[in-house]
A.B. asks: 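Pasting a structure here, questions to come.
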Number of protein chains: 2
Amino acid sequence: MPVTMRDVARHAGVSVKTVSNVVNDFPHVSPSTRERVLASISVLGYRMNFSARNLSLGRTGMITLAVPELRLPYFSELSDEVIVAAAERGYTVLVERTGGVRERELEALTSDRRRMTDGLIFSPLGLRPSDAHRLEVDYPLVLLGERALHGSVHHVAMGNVAGARAVAEHLLERGRRRIAVVGSYDTRGAGAGSLRTQGFTRALADAGIEHDPRRTGEALEWTRTTGAEAMRRVLDRGVGVDAVYGLNDVLALGAMRVLYERGLRVPEDVAVAGFDDIEEGGFSCPSLTTVQPGRPEIARTAVWLLVDRIARGAPAGPGGRELVVAPELVVRESTGGVGEPA
Amino acid sequence: MPVTMRDVARHAGVSVKTVSNVVNDFPHVSPSTRERVLASISVLGYRMNFSARNLSLGRTGMITLAVPELRLPYFSELSDEVIVAAAERGYTVLVERTGGVRERELEALTSDRRRMTDGLIFSPLGLRPSDAHRLEVDYPLVLLGERALHGSVHHVAMGNVAGARAVAEHLLERGRRRIAVVGSYDTRGAGAGSLRTQGFTRALADAGIEHDPRRTGEALEWTRTTGAEAMRRVLDRGVGVDAVYGLNDVLALGAMRVLYERGLRVPEDVAVAGFDDIEEGGFSCPSLTTVQPGRPEIARTAVWLLVDRIARGAPAGPGGRELVVAPELVVRESTGGVGEPA
DNA sequence: TTGTAGGCGTTATCAC
DNA sequence: GTGATAACGCCTACAA
C-alpha cells in the first residue's frame, strides 16, 4: 500500500495541494507548514509516484538515447557523456540498443516504447537515404554522427571528411604511400563510413596518389574482429602495405593485432591510424594515432538541443540546425609519434 | 493534441474498453470488431500513452541498472547483456551511473527517480559493510558482483576467490614466483578487490610463497590509467617482478602498457594476467590471459531473478538467494598461451 | 497562503 | 462480446 499525497496531507492536517507545493518547492508556503509537511513525509516514508506525475504533466523527464551497441567503446563513452549531460539538465536517459539494424532503428523511431520519453537522441547506422522521411517525426529528435538525412531535424555531426583528410595527410607526411583502408563498405552514402573513406581518398588524390582498391578491406560491422579479418584479406592479396587507416579505432586495433601476429612492426614496417579516439587507443602497444571527433562536445550539444526543443514544446518544424564539431588529429606511437598515453 | 483511446473508440463506434481489449490482445474480441478498431487506430495514428497505462497498472515495465561507469568495458558489456536479457522478458532498462561513489549509490537506492522503474539491478562499489541495512528496501532488488551484504537480498555473485586462485596457480605453474598485484586496496572487506586479492595470496601461501607487499600496487579506481600508475610504483621499488596480476583487465592492460614503455617483454620477462575477460583483452598485443567470470550468465540470471520478484509482487522478504557463477581461466599470450584471439 | 473540483489516459469491475 | 463507471495519484485552474 503505497503512501500517497493524500495520506501525507491527512497526517499533516493540510490539503493535498499544500503537500504538492512543498515537494515541488513552490515559493508561497509558510515555513511552519512546510516543516510540518516535511515531517509527515519523512514519518510516513512518502515517495512521489512518477507515473501519476508524468500523466498529469504530459512529460516524463526522460530522454532516449538510441545507439547500435553499448559494448562498442565509442558508444559506451558517448552514452556516459550523454547521461552526465542529461543529468545536468535534470533528465534521465533510457539507452536503447538498435544493433545497428535498420528494422530496429525504424522501430526505435516509432515504437510505443518511444513514447515513454520526452525526446530521442538517435545515432543511426543501418538507415538508408530513402528512409529520410521516416525522420519527420512529431516529437523532439536530434540526430547524431551522420550527415543530416533531413533538413528539419536537429543534427550534430562530426567532421568526418576533415578528420579523414587529416589522417591521410599525416600518413603521407610520414612518407607512406601504400596505405590500406580497413572498414570501407558503402562509399557513396552519407554515412560515416562513406565520408571517412571519401575524405581519405580525396586527400590522396590531391597528392597525386590513387588508392588501390586491393588495399581496401571491407567490414560491414565495425568491430575488432571484422577489422582483423579485413586486414588479413588485404595482406593476403600480397600488394604490399606500409600503412593502415582504420575507419574507426576498434577496426584499427583489430588490424594492428593481425600485423602483430604476422610479425610486422608498427610503425616501422606499417603505420596505423584510426578514428574516434577511444580511451583504449591511448594504452595499446603501440599507442594508436587517431582522430578525436569531439565526442564530449557532441554529447553535450545533442542534449542541449534536445532539451531546448522539449522545453519549447517545438517537436520538429523547419528549425533543423546542423552543427558540425571540429575534429582533431591525435598523433601517437603507431605512426611514429611520441608514447605519452592519453 | 495526442490521439487517445477515446478518440479511437468514437471513430470505430465502440467503447473505450473494447479498444483497450484490442490493443492488449485480449482473447474475447470478435474478429470484425477487432478489424474495425485496428483500422481506426491506423487511420488516426493512435499511440498508447505509457504514463497513463503505468499509473493504472501500478508498474512501468522498466527496470534500473545501476553501475559505476558505462565507459568501463566490463560494465558496458554487462549493460549490453542486461538490456538484451531484459528485452527478452519484455522490460526496458534505465541505466543509472553512480560513478562508484558511495553517496550516489545510496541515492540510487532511495531516490525518487528510482521509483520510475519496477526494480533495480545494483552493482555497488563504494558501499561500506555498515551500509548493509540500506539494502533492506521495499522494492525488488538484485545485487551484482559482490558478496551479499545482506541475507534477504537476491544476489548474483561471481567466483572471485576461485578465479583469483586459478590465476595464481596458473602463474606458479609457469614458474613465476615474484608476482606483482595491481589494484589492491581494501583487502579486508567483501568487495571484489578484497576477494580477488585474498584468493590470490592464499593460493601463493598454499604453495609456500608469501606475497611481498612491495609488489602490491594500489589503485582506488580500476582504470587503465591507475593500473599504469600502480605498475610504475611497483617497478620503481626495484624489487624485481616476473609476473603481474591485475585485479581486472583494464588494470592489467594499463600495467602491460608500462612494461612496454620500459622495454620489458611480455610474457618472456614478465607474464601478465587480468580478470573479467573483456573483449579488448583478446586483441591486445600480446593478448591477455584472464578470468571469464561468467558475465553473460550473471546478467541473464540477475534479470530473471528480478523479473521473477516483480511478477510475484514479492519485494524483499527472507527469500534472498545467493547464486555464484563459476569462473573460467582463459589462457592467452600474456602468460605464454597460444595467440588465438577470442 | 491554502483548499476544492476536475481532468490527465488507461485499466478493472461488473453489469448487459 | 461489449459498454458504463470508478479508480490510479498527481497537477492546474480557480476559489476562499
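In what follows, chains are A, B, ... by sequence order, proteins preceding strands, each numbered from 1. Model, not experiment: these values are computed from the prediction.
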A.B. asks: Got a sec, which residues hit side chain to side chain contact (heavy atoms under 4.5 Å, CB included) with A:Ser76, two or more places apart in sequence or on another chain?
C.D. replies: B:Ser76
A.B. asks: I need a per-nucleotide contact map over nucleotides 3-16 of chain C, read 5' to 3'. Cutoff is protein heavy atoms under 4.0 Å; write B for the base, S for backbone only, - otherwise.
C.D. replies: BB--BBBBBBB---
A.B. asks: Once side chain to side chain contact (heavy atoms under 4.5 Å, CB included) is applied, do any residues pair with B:Asp80, and if so which ones, sequence neighbours excluded?
C.D. replies: A:Glu69, A:Leu70, A:Arg71, A:Arg97
A.B. asks: With sequence neighbours excluded, tell me which residues meet side chain to side chain donor-acceptor pair (under 3.5 Å) with A:Thr4.
C.D. replies: A:Asp7
A.B. asks: Identify the 5'-most and 3'-most nucleotides of DNA chain D with at least one atom closer than 4.0 Å to a non-hydrogen atom of chain A.
C.D. replies: D:dG9 to D:dT12
A.B. asks: If you round to the nearest 0.5 Å, how far is CG of B:Leu323 from CD1 of B:Ile298?
C.D. replies: 10.5 Å
A.B. asks: Can you pull out how bent the helix from C:dT1-D:dA16 to C:dC16-D:dG1 is, comparing the axes over its first five and last five pairs, to 10°?
C.D. replies: 30°
A.B. asks: In chain order, what residues pass the side chain to side chain contact (heavy atoms under 4.5 Å, CB included) check against A:Ala52, with sequence neighbours excluded?
C.D. replies: A:Asn49, B:Leu55
A.B. asks: Who pairs with A:Ser111 by side chain to side chain donor-acceptor pair (under 3.5 Å), at least two apart in sequence or on another chain?
C.D. replies: none
A.B. asks: Partners of B:Leu220 by side chain to side chain contact (heavy atoms under 4.5 Å, CB included), sequence neighbours excluded?
C.D. replies: B:Tyr185
A.B. asks: Output all residues satisfying side chain to side chain donor-acceptor pair (under 3.5 Å) with B:Glu81, sequence neighbours left out; order by chain, then residue number.
C.D. replies: B:Arg295
A.B. asks: Let me have the donor-acceptor pairs involving side chains of residues 85-96 of chain A, under 3.5 Å, with sequence neighbours excluded, atom names and distances please.
C.D. replies:
{"unit_1": "A:Glu88", "atom_1": "OE1", "unit_2": "A:Arg300", "atom_2": "NH1", "d": "3.3"}
{"unit_1": "A:Glu96", "atom_1": "OE2", "unit_2": "A:Arg113", "atom_2": "NH2", "d": "2.4"}

A.B. asks: Would you list the pairs meeting salt bridge (Lys or Arg N to Asp or Glu O under 4.0 Å) in which at least one residue belongs to residues 11-22 of chain A, sequence neighbours left out?
C.D. replies: none
